[in-house]
Amino acid sequence: MHTINKKSTKKNWGQAIAQPGIEFSRTKLQFVFGNIPEGLRGTLYRNGPARLERGGIHVGHWFDGDGAILAINFTDVGASGVYRYVQTSGYQEEEKAGKLLYGNYGMTAPGAIWNQWRRPIKNVANTSVLALADKLLALWEGDRPYALDLESLETQGIDDLDALHLGLGYSAHPKVDDKTKEIFNFGLSLGLNATLNIYKSDFTGKIRQKAKFPLKGVPLIHDFVLAGQYLVFFVPAVKVNNIWPILFGTSTYGDSLKWCPEVGTQVLVFNREDLSLVSRGFTEPWFQWHFANGYVDASGTVIVDIARYEDFQTNQYLKQVATGETHTLAEARLTRVHLRPDTGQVTAIQELVDRHCEFPSVPQQNVGQASRYTYMSTFRPESDISQEILNAIARFDHHTQTFTAADLGANRYCSEPIHVQNQQNPNQSWLITVVYDGNSHSSEVWVFDCDRLDDTPVCKLGLPSVIPPGFHGTWKPD
């Protein structure tokens, strides 16, 4: 048990979620520092829970907040931004009622007991985004995505991608092969035993192929990895204790999840071509929310990098984030797993970086292939990570074993870093993050040169309102 038993002191980051995020329409952004680099042309999209209370009632977990999308467009003449809530049906109902009506990952529906089975859950569309040629998808793994206009962020409605009938979710972590433009994703169908649904789409996002695989019990699967010709899932040692209270709306999914180290981590390897099972195996227990990347090395071994936790304390920590005050230690390390795809056997596990790692990623062109660099969010060295949220971004160089972090300064908190490649110059790239400054209670967009992360940002842009800390984003080049 890693709970810290000392009295916590509220940190500045709590101000960022103390009030719901305030929308703004298309606005020209002012330069705080520097200029937009030549070659940085396109749009940054970010998603996250922006409303954590209504009518004086707070949600039960950070995952329960209503999703809002931030879009920052970089052009030859400057940058503009727009910030809008995803107009889900549940959001609109609650907006009209002026109070919370639905349950979610970490809360049951408020009010009379019958609300708990009438309104057990709401699609909050708050976790990630997928930018397609003609629309933006706001993703939340418990349901189908919502489609939005790429420019105005106006909500167009639920999108079934031509294949998602009611009850089929679409996770927040699709993997796009940069060469073939194929999109891979999955969703879980709940029941006494869950079903893993795997999807393959073309570049338009329409699902062209589906497969399903039965699971034992109801595990928590948030992410997976594309590794060469394989799709790899690590099913963590976290299971739903009892599915019935969830199905009847009397208990929450988040509170029903139990850490079960005795069952270990299940390894599932699928063929990306026909989505068939190649192998399954078991290895030691750990938990991961996120994969950084995967690839097949010269020997045929599958290499998978994850942000690895020793247990499931991260769920308690993230629950506390919604209150603006944390006191639980949940630390992850960038970890490399070697496995044989034909047997599902793990042959080696190695810690790559002796620092906290979350939201790990690689350049889009390297997804599913070997990548020299992994980018991530982390903490400043002096941080008490039981009481802070992520406050630094970093790069790990696998060739030189070098870890380079950007110091944002005290009381500043960053979003997941998004890598952007210079389309004209393959030797240049940038990292973009949204920074909440607890010193001035304001939000900015910071752009770093990837090769000079420990130097001053090349550009800072002021935002019209505070953007509450969020989860995932993407980059759509012009």
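Fair warning: this is a prediction, and the values are worked out from it, not measured in the lab. All values below were derived from every heavy atom in this structure, side-chain atoms included, with hydrogens, water molecules and symmetry-related copies excluded.
Both tests pass for R395 against the ring of Y373: distance under 6.0 Å to the centre and angle within 45° of the axis. A cation-pi contact links K175 to F224, judged by a cut-off of 6.0 Å to the six-membered ring centre and 45° from its axis.
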Donor-acceptor list for residues 468-478 side chains, cut-off 3.5 Å, not counting sequence neighbours:
unit_1	atom_1	unit_2	atom_2	d
H472	ND1	E416	OE2	3.0
H472	NE2	H173	NE2	3.3
H472	NE2	H290	NE2	3.1

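Each salt bridge (Lys or Arg N to Asp or Glu O under 4.0 Å) pair with one or both residues in residues 275-292, not counting sequence neighbours, appears once here: E284-R308. Here side-chain hydrogen bond (donor to acceptor under 3.5 Å, both in side chains) pairs that include residues 124-135, with residues two or more places apart or in two chains, are K135-D159.
Y317 and E331 share no side-chain donor-acceptor pair at under 3.5 Å.
Checked against side-chain contact (heavy atoms from CB on, under 4.5 Å), R452 has the following partners two or more places apart in sequence or in another chain: D449, D455. Remark: Q401 pairs with F396 by the side-chain contact (heavy atoms from CB on, under 4.5 Å) rule, at least two apart or across chains. Partners of N425 by side-chain contact (heavy atoms from CB on, under 4.5 Å), not counting sequence neighbours, listed by chain and number: N422, N427, Q428.
Each of F213, F184, F186 was checked for a ring-ring contact (aromatic ring centres under 6.0 Å, His included) with F233, and the lone residue meeting it is F186.
Salt-bridge annotation for E182 and K200: present, with a side-chain N of the basic residue lying under 4.0 Å from a carboxylate O of the acidic one. Ionic pairing of E351 and R333 is present here: one or more N-O contacts between side-chain nitrogen and carboxylate oxygen are shorter than 4.0 angstrom.
Rounding to the nearest 0.5 Å places CZ of F74 at 6.0 Å from CG of L44.
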